[in-house]
J.: 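Pasting in a structure now, in structure tokens, and then I'll have a few things to ask.
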Amino acid sequence: MLSFSKIPNHIGIIMDGNGRWATKRGLPRYFGHKAGVKAIKRTILACQKFGIKYCTLFAFSTENWKRSKEEIDGIFSLLRDYLAVENNFFTKNKIKLNTIGDLSPFPDDLQNALKSTIEKTKNYDNLIVTIALNYGGRDDLVRAFNKMLKDKVENVDEKTILNYLDTSSLPEPDFVIRTSGEERISNFMLYQMAYSELYFPKVYWPDFNEKQLKKCLKIYQKRNRRYGGIK
Ligand code: IPE
Ligand code: IPE
Ligand code: MG
């Protein structure tokens with residue numbers, strides 16, 4: 001049974017396995033990303049249903065630029081179409097959209113689609129969905145340190161660093177899921193994940209759904225978070 005009193009406040013998801021999902025079906029990788037977008041929508045609605053307050057989705061890493069231009073353009077066009085065409089999705093469901101990562105290298109139309117949805121949804125507070133785009137945990141830290149230098153911050157402590165990261169408005173993630181069976185962090189929220197519970201379901205991201213999320217949450221609820229202490 002899922003206990004509604006022990007739902008993680010903030011979950012992070014490393015959405016992996018789109019390419020393998022498509023290859024397994026004899027399809028080009030693009031179709032995996034396309035099916036992945038549907039899984040994003042399903043998962044966001046499931047988060048809302050389970051009362052999760054913050055959901056942060058890793059969509060494009062600072063290392064993903066190593067992929068072919070064709071694949072990258074495909075991902076960008078899916079994101080843009082999804083954000084423009086499905087713009088209603090966020091407003092209709094009263095979901096606040098947020099991003100982390102350095103958006104400056106992205107095409108203007110994608111940046112504008114994001115900005116417009118962020119602006120339209122900024123007053124919602126029941127579920128905050130953050131999409132990590134051109135995001136890297138190391139890059140987040142490097143940009144934070146450079147901003148601190150620029151602001152001439154003295155006496156940097158752990159809180160100062162948290163406040164300078166892209167995630168400054170978010171609590172630290174309680175639970176991070178990575179689909180596809182790979183068991184690594186791949187440069188996601190490195191600093192913020194110090195005490196996150198981790199889980200690596202074997203399912204490819206395009207097959208992820210409410211049932212899968214529920215299974216993950218049940219696993220989270222069995223964990224005993226100690227933060228270095230004794231319980
Ligand atoms: C995750 O799926 C999506 C992105 C990284 C953009 P992949 O594209 O990494 O799929 P696999 O890991 O090759 O199966
Ligand atoms: C991690 O997946 C990044 C995203 C899901 C956006 P990758 O597929 O890029 O990671 P590696 O290369 O397997 O570590
Ligand atoms: Mg991958």
Side-chain angles (χ1 to χ4, degrees), residues 10-44 46-47 54-83 86 97-107 109-111 113-114 129-143 165-167 170 173 175-193 196-209 212-213 216:
H10 182 185
I11 70 164
I13 308 183
I14 304 172
M15 308 181 289
D16 196 23
N18 293 353
R20 279 165 283 169
W21 182 92
T23 305
K24 210 176 94 184
R25 286 164 174 75
L27 297 167
R29 295 175 61 85
Y30 172 80
F31 289 91
H33 297 308
K34 199 168 170 194
V37 168
K38 289 205 185 112
I40 293 181
K41 210 163 121 180
R42 277 201 299 272
T43 305
I44 292 175
C47 283
Y54 298 89
C55 172
T56 300
L57 302 166
F58 202 6
F60 194 86
S61 78
T62 46
E63 288 72 39
N64 287 146
W65 296 102
K66 291 177 189 162
R67 299 187 182 196
S68 72
K69 184 170 180 324
E70 189 194 354
E71 179 165 354
I72 293 173
D73 287 347
I75 294 171
F76 291 172
S77 86
L78 282 168
L79 285 169
R80 188 191 40 230
D81 292 352
Y82 175 61
L83 291 164
E86 305 269 359
L97 179 71
N98 180 36
T99 62
I100 52 172
D102 174 12
L103 299 186
S104 63
F106 288 119
D109 53 354
L110 176 55
Q111 288 192 48
L114 286 164
V129 169
T130 301
I131 307 188
L133 287 165
N134 187 26
Y135 180 84
R138 288 183 173 186
D139 183 61
D140 196 3
L141 283 161
V142 168
R143 285 184 290 107
L165 291 169
D166 288 347
T167 47
L170 310 175
F175 188 31
V176 176
I177 298 164
R178 180 184 184 136
T179 58
S180 91
E182 303 297 349
E183 301 189 358
R184 56 178 171 268
I185 303 306
S186 298
N187 202 12
F188 198 29
M189 301 185 271
L190 298 178
Y191 189 81
Q192 300 89 325
M193 281 170 60
S196 303
E197 294 297 326
L198 308 177
Y199 180 54
F200 304 97
K202 298 247 179 321
V203 57
Y204 291 144
W205 176 250
D207 289 328
F208 201 78
N209 56 25
Q212 296 281 340
L213 179 65
C216 295

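Quick caveat: nothing in here was measured; it's all calculated off a predicted structure. Read the numbers this way: they start at 1 and go in the same order the structure lists the ligands and their atoms.
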J.: Ignoring hydrogens and angles, tell me if any N or O in the side chain of R42 forms a donor-acceptor pair with the backbone of F208 under 3.5 Å.
T.: yes
J.: Quick check for students: name every N or O atom pair between ligand 2 and the protein closer than 3.5 Å, with distances.
T.:
unit_1   : atom_1 : unit_2 : atom_2 : d
ligand 2 : 8 (O)  : D16    : OD1    : 3.2
ligand 2 : 8 (O)  : R67    : NH2    : 3.3
ligand 2 : 9 (O)  : N64    : ND2    : 2.9
ligand 2 : 9 (O)  : R67    : NH2    : 3.4
ligand 2 : 10 (O) : R178   : NH2    : 3.2
ligand 2 : 10 (O) : S186   : OG     : 3.4
ligand 2 : 13 (O) : R178   : NH2    : 3.3
ligand 2 : 13 (O) : R184   : NH2    : 2.8
ligand 2 : 14 (O) : R184   : NE     : 2.8
ligand 2 : 14 (O) : S186   : OG     : 2.6

J.: Mind checking whether T99 and Y135 have side chains closer than 4.5 Å, heavy atoms only?
T.: no
J.: Could you please tell me which protein N, O or S atoms lie under 2.8 Å from the Mg ion (ligand 3)?
T.: D16 OD1
J.: Using the side chain to side chain donor-acceptor pair (under 3.5 Å) definition, which of the options T179, D207, D16 pairs with W21?
T.: D207
J.: Checking side-chain polar atoms at under 3.5 Å, does S186 have a donor or acceptor matched by the opposite partner on R178?
T.: yes
J.: Hey, what do you get for CZ (F60) to NE2 (H33), rounding to the nearest 0.5 Å?
T.: 9.0 Å
J.: Return yes when atom CZ of R138 has more than 12 non-hydrogen atoms of other residues, nucleotides or ligands closer than 6.0 Å, and no otherwise.
T.: no
J.: Could you tell me whether E70 atom CD has more than 12 heavy atoms of other residues or ligands within 6.0 Å of it?
T.: no
J.: State the atoms of ligand 1, each with its element, that fall below the 4.0 Å cut-off from a heavy-atom position in H33.
T.: 3 (C), 8 (O)
J.: Under 30°, 30 to 60°, or over 60°: which ring-plane class applies to H10 and Y54, parallel, tilted or perpendicular?
T.: tilted
J.: Quick one, F31 and R25 - any side-chain contact, counting heavy atoms below 4.5 Å?
T.: no
J.: Is the shortest side-chain heavy-atom distance between N64 and S61 below 4.5 Å?
T.: yes
